[in-house]
Amino acid sequence: MKRSPRSIDLLGLAHKAPIPQAARVGPLLCSSAIAGKDPATGELPADAAAQASNAFAHMDRLLEAGGARLEDVARLTVYLKDPAARDAVNAQWLRRFPDPHDRPARHIVEHELQHGMALQLEFLAFVHSTDR
């Protein structure tokens with residue numbers, strides 16, 4: 001039986017280091033750090049709201065590429081350079097998880113991010129069906 005590649009990479013989201021953007025092992029899907037780069041230019045927007053919008057859109061694409069959906073996300077970790085970016089994150093969070101009784105776990109960490117990043121995301125998802 002041929003095994004699917006576990007590394008998941010998307011155009012416009014590549015890391016500078018030789019690591020994939022996500023990896024899937026069986027039903028477990030884990031992302032690497034997801035930045036808010038513009039997928040067309042590879043540049044980071046100056047404002048946190050645009051970075052948050054891009055980062056969550058990248059998360060959506062990585063989930064799809066890994067055979068998962070938002071409902072499969074068990075945990076989201078958010079790294080913020082400045083706590084003022086929390087509102088931008090919450091706007092994207094509420095857009096994707098509007099039901100307060102149906103959300104993944106979330107943890108926000110203040111962290112000194114590089115290269116002008118206001119935030120990064122990391123997710124952990126459990127894909128319920130292996131045929132997706």
Side-chain angles (χ1 to χ4, degrees):
M1 183 167 128
K2 186 176 187 294
R3 186 178 140 190
S4 297
R6 90 173 128 172
S7 296
I8 299 169
D9 290 299
L10 300 175
L11 290 175
L13 190 57
H15 291 289
K16 292 183 181 177
I19 57 174
Q21 286 117 23
R24 180 167 171 185
V25 178
L28 184 64
L29 178 63
C30 302
S31 77
S32 297
I34 304 170
K37 294 190 283 185
D38 181 310
T41 66
E43 301 295 321
L44 276 170
D47 66 292
Q51 286 189 34
S53 178
N54 289 343
F56 275 86
H58 295 321
M59 179 184 77
D60 296 340
R61 292 174 49 217
L62 284 168
L63 287 166
E64 183 178 351
R69 299 181 302 221
L70 284 170
E71 302 85 58
D72 298 323
V73 176
R75 180 180 171 107
L76 180 68
T77 302
V78 182
Y79 298 93
L80 294 180
K81 184 169 186 171
D82 181 343
R86 188 180 290 257
D87 288 341
V89 168
N90 284 339
Q92 296 299 320
W93 169 264
L94 291 171
R95 184 171 157 226
R96 283 161 180 82
F97 306 107
D99 183 350
H101 302 290
D102 189 23
R103 293 178 178 149
R106 187 179 93 174
H107 184 59
I108 291 183
V109 178
E110 287 183 40
H111 187 71
E112 187 60 37
L113 299 169
Q114 302 174 348
H115 313 298
M117 287 184 276
L119 59 101
Q120 287 183 328
L121 307 177
E122 289 181 1
F123 69 79
L124 179 64
F126 184 84
V127 184
H128 293 281
S129 172
T130 57
D131 61 344
R132 285 195 242 167

Where do Leu76 and Phe123 come nearest, in terms of heavy atoms and distance? CD1-CB, 4.1 Å
Which value, rounded to the nearest 0.5 Å, describes the distance between Leu44 atom CG and His115 atom NE2? 9.5 Å
Leu63 reachable from Phe97 in the ILVMFWY side-chain graph, under 4.5 Å edges: yes
Side-chain heavy atoms of Val78 within contact of Trp93, under 4.5 Å: no
Between Arg96 and Val73, is there a side-chain heavy-atom distance shorter than 4.5 Å? no
Please list, chain by chain and in numerical order, all residues satisfying side chain to side chain contact (heavy atoms under 4.5 Å, CB included) with Leu94, sequence neighbours excluded. Arg103
Identify the residue among Leu119, Leu121, Leu113 that makes a side-chain contact (heavy atoms from CB on, under 4.5 Å) with Tyr79. Leu113
Minimum heavy-atom separation for Pro83 to Glu110, with atom names? CG-OE2, 3.6 Å
Any donor and acceptor pair, going by atom type alone, linking the side chain of Asp72 with main-chain N or O of Arg69 inside 3.5 Å? yes
Determine, stepwise, if the pair Gln21 / Ser31 fulfils side chain to side chain contact (heavy atoms under 4.5 Å, CB included). CA-CA 6 Å; Gln21 286 117 23; Ser31 77; over 6 Å; no
Donor-acceptor pair, Asp82 side chain versus Ala85 backbone, under 3.5 Å? no
Asn90 versus Arg106: any side-chain heavy-atom pair under 4.5 Å? yes
Can you tell me how far the NE2 atom of His111 sits from the OG1 atom of Thr77, to the nearest 0.5 Å? 12.0 Å
Inter-residue atom distance Phe56.CZ - Gln51.CD, 0.5 Å rounding: 12.5 Å
Pro20 and Asp9, any side-chain heavy atoms less than 4.5 Å apart: yes
Is it the case that the side chain of Arg75 and the backbone of Leu124 share a donor-acceptor pair, with hydrogens and angles ignored and the cut-off at 3.5 Å? no
Exercise: identify the closest heavy-atom pair between Ala48 and Ala118: CB-CB, 3.9 Å
For a quick test of reading the model, state the closest non-hydrogen atom pair linking Leu29 to Ala22 and the distance between them. CD1-CB, 4.2 Å
Under 6.0 Å between ring centres, would you say that holds for Phe126 and His128? yes
Sidechain-backbone polar pair: His58 side chain, Leu10 backbone, donor-acceptor under 3.5 Å: no
Determine the minimum heavy-atom distance between Ala50 and Pro45, stating which atoms define it. CB-CB, 3.5 Å
Please give me the minimum heavy-atom distance between Gly66 and Val127, naming the atom from each residue. O-CG2, 4.1 Å
In Å, rounded to the nearest 0.5 Å, how long is the span from CG of Asn54 to CD of Gln92? 9.0 Å
Identify the residue among Gln120, Glu112, Met117 that makes a side-chain contact (heavy atoms from CB on, under 4.5 Å) with Lys81. Glu112
